[in-house]
There are 2 protein chains.
Amino acid sequence: MKISSVITDTQKKTARYAKALGHPVRMYVMDLLSKQSCCYSGDLTEELPIAKSTLSQHLKELKEAGLIQGEIESPKIKYCINKENWAEAQQLFKSFFNL
Amino acid sequence: MKISSVITDTQKKTARYAKALGHPVRMYVMDLLSKQSCCYSGDLTEELPIAKSTLSQHLKELKEAGLIQGEIESPKIKYCINKENWAEAQQLFKSFFNL
DNA sequence: ATATTTGTTCGTAATTTAACGAACAACAAT
DNA sequence: ATTGTTGTTCGTTAAATTACGAACAAATAT
């Protein structure tokens with residue numbers, strides 16, 4: 001798969017962010033974080049009707065996509081938006097959608 | 001407690017569009033269509049280093065997500081952006097990213 | 001009538017995603 | 001030292017995704 005020749009890095013980056021946002025739970029989390037920038041994983045577990053292990057997986061994906069980062073506040077973990085990458089995603093989608 | 005009770009329709013819709021855009025090939029196609037609104041499937045086959053059957057699958061997904069629609073211009077098929085849904089997606093991401 | 005062009009569908013295979021409960025690790029509180 | 005809280009990791013399962021070539025269908029061109 002030599003997509004690299006035709007598809008630009010920008011398109012690949014945008015697709016990567018889109019993929020991370022392509023699930024209702026992850027969209028919910030990012031929607032929340034875009035408004036308050038931080039939240040506790042425990043709060044999400046209470047709100048969302050999914051197993052904590054499932055939530056953990058979704059948070060991991062958002063982390064790997066670079067959209068969030070976790071800060072340890074024992075015994076809790078505070079999840080915050082990754083401002084730098086969030087700004088990048090913002091810019092990418094802004095351009096993509098001609099906003 | 002179902003997902004439907006916590007996660008809004010807006011979030012689900014946005015996630016659905018995001019998912020459709022979450023692949024480099026589909027991002028490439030939509031990026032093109034956002035600029036010229038229509039294109040021939042055959043042109044894409046030439047440009048992209050993937051089998052035509054694979055491309056067909058990706059186009060089908062974009063169609064099912066409501067982002068594009070095909071018009072028969074025998075023997076070719078002209079793919080066009082679905083303006084109504086594209087506008088919706090634009091709006092959804094605009095709100096989501098606070099643009 | 002036959003061949004060509006165009007794109008979808010079929011059959012298949014490998015990989016990824018999504019979900020759960022159980023087990024585990026880290027740390028606080030008792 | 002033991003208990004409780006919090007969240008990750010493990011093991012498993014089912015379903016979806018991605019990809020390909022071959023076969024097919026529809027329409028045009030020869």
Side-chain angles (χ1 to χ4, degrees), chain A residues 1-7 11-12 14-30 32-33 38-80, chain B residues 1-7 11-12 15-30 32-33 38-65 67-80:
Chain A
M1 183 166 62
K2 41 175 182 174
I3 288 177
S4 40
S5 50
V6 194
I7 298 177
Q11 287 163 344
K12 278 185 261 184
T14 312
R16 181 72 187 84
Y17 284 128
K19 190 182 176 186
L21 297 171
H23 188 284
V25 166
R26 297 195 293 270
M27 178 56 63
Y28 174 87
V29 172
M30 291 314 298
L32 187 69
L33 290 182
C38 285
C39 74
Y40 289 99
S41 165
D43 298 342
L44 296 173
T45 309
E46 278 180 29
E47 291 163 17
L48 294 167
I50 57 174
K52 59 181 179 169
S53 56
T54 305
L55 175 64
S56 191
Q57 262 184 88
H58 284 302
L59 293 174
K60 191 181 176 185
E61 281 187 60
L62 288 173
K63 223 185 300 174
E64 283 170 358
L67 288 171
I68 65 172
Q69 57 203 105
E71 284 175 30
I72 297 168
E73 276 193 16
S74 285
K76 296 188 177 185
I77 292 183
K78 187 167 74 168
Y79 276 103
C80 299
Chain B
M1 176 165 62
K2 295 179 188 175
I3 285 184
S4 42
S5 54
V6 194
I7 298 178
Q11 287 162 345
K12 277 185 261 185
R16 180 72 187 85
Y17 285 128
K19 190 182 176 188
L21 297 172
H23 188 284
V25 165
R26 296 195 293 270
M27 177 56 63
Y28 174 87
V29 173
M30 292 313 298
L32 187 68
L33 289 182
C38 285
C39 74
Y40 289 99
S41 165
D43 298 342
L44 297 172
T45 309
E46 279 180 29
E47 289 163 18
L48 294 166
I50 58 174
K52 58 182 181 171
S53 56
T54 305
L55 175 64
S56 189
Q57 263 185 86
H58 284 302
L59 292 174
K60 189 181 176 185
E61 282 188 60
L62 289 173
K63 222 185 301 175
E64 282 170 359
L67 289 171
I68 65 171
Q69 56 203 104
E71 285 175 29
I72 297 168
E73 277 194 15
S74 284
K76 296 189 178 184
I77 292 183
K78 187 167 74 168
Y79 276 104
C80 298

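Bear in mind that the values here come from a model prediction, so they are computed numbers and not experimental data. Proteins get letters first, then strands, A, B, ... in listed order; numbering begins at 1 in each.
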Under 3.5 Å, side-chain donor or acceptor atoms of residues 54-62 of chain B against the rest of the protein: list the pairs with distances, not counting sequence neighbours.
unit_1	atom_1	unit_2	atom_2	d
B:His58	ND1	B:Arg26	NH1	3.0
B:Glu61	OE1	B:Arg26	NH1	3.4
B:Glu61	OE2	B:Arg26	NH1	3.4

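Taking 4.5 Å as the limit, some side-chain heavy atom of A:Pro24 sits within range of a side-chain heavy atom of B:Lys12. Within the 4.5 Å cutoff, no side-chain heavy atoms of A:Leu67 are placed close to those of A:Val29.
When heavy atoms are screened at a 4.0 angstrom cut-off, A:Gln57 is found touching base atoms of the nucleic acid.
Heavy-atom minimum distance, B:Glu71 versus B:Cys80: OE2-SG, 4.0 Å. The two atoms that bring B:Tyr17 and B:Ala65 nearest to each other are CE2-O, 3.4 Å, heavy atoms only. B:Gly70 approaches B:Ile77 most closely through the heavy-atom pair CA-CG2, 4.3 Å. Closest approach of A:Val6 to B:Pro49, counting heavy atoms only: CG2-CD, 3.9 Å. Shortest non-hydrogen contact noted between A:Leu21 and A:Met30 is CD2-CG, 3.6 Å.
Rounded to an integer number of Å, the gap from B:Ile50 CD1 to C:dG7 C1' is 13 Å. A straight line from CG of B:Leu55 to P of D:dT18 spans 13 Å, rounded to a whole angstrom. Per the geometry, NZ belonging to B:Lys60 stands 15 Å off P belonging to D:dA19, to the nearest Å. For A:Ile7 and D:dT18, the CD1 to P distance is 12 Å, given to the nearest whole Å. The distance from atom CD of A:Glu61 to atom C1' of C:dA18 is 8 Å, rounded to the nearest whole Å. B:Leu62 has its CG atom 13 Å from the P atom of D:dT17, to the nearest Å. One atom, CZ of A:Arg16, and another, P of C:dT17, lie 8 Å apart when rounded to the nearest Å.
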Listing time: all N or O pairs from protein to nucleotides 5-7 of chain D that are below 3.5 Å?
unit_1	atom_1	unit_2	atom_2	d
D:dG7	OP1	A:Gly42	N	3.4
D:dG7	OP1	A:Ile77	N	3.2
D:dG7	OP2	A:Gly42	N	3.1
D:dG7	N7	A:Lys52	NZ	3.2
D:dG7	O6	A:Lys52	NZ	3.1

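Within residues 63-73 of chain A, no residue is approached by DNA chain C to less than 4.0 Å at the level of any non-hydrogen atom.
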(request) Run the numbers on B:Leu44 and B:Glu47 for side-chain contact (heavy atoms from CB on, under 4.5 Å), then give the verdict. (result) CA-CA 5 Å; B:Leu44 297 172; B:Glu47 289 163 18; 4.2 Å; yes

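Close to C:dT16, at under 4.0 Å from its OP1 or OP2, lies no side-chain N or O of A:His23. Close to C:dA18, at under 4.0 Å from its OP1 or OP2, lies no side-chain N or O of A:Thr54. At C:dA19, one or more side-chain N or O atoms of A:His58 fall inside 4.0 Å of OP1 or OP2 (strictly under the cut-off).
Annotation: of the two residues near DNA chain C, A:Lys19 and A:Ala51, the 5′-most nearest-nucleotide partner is A:Lys19.
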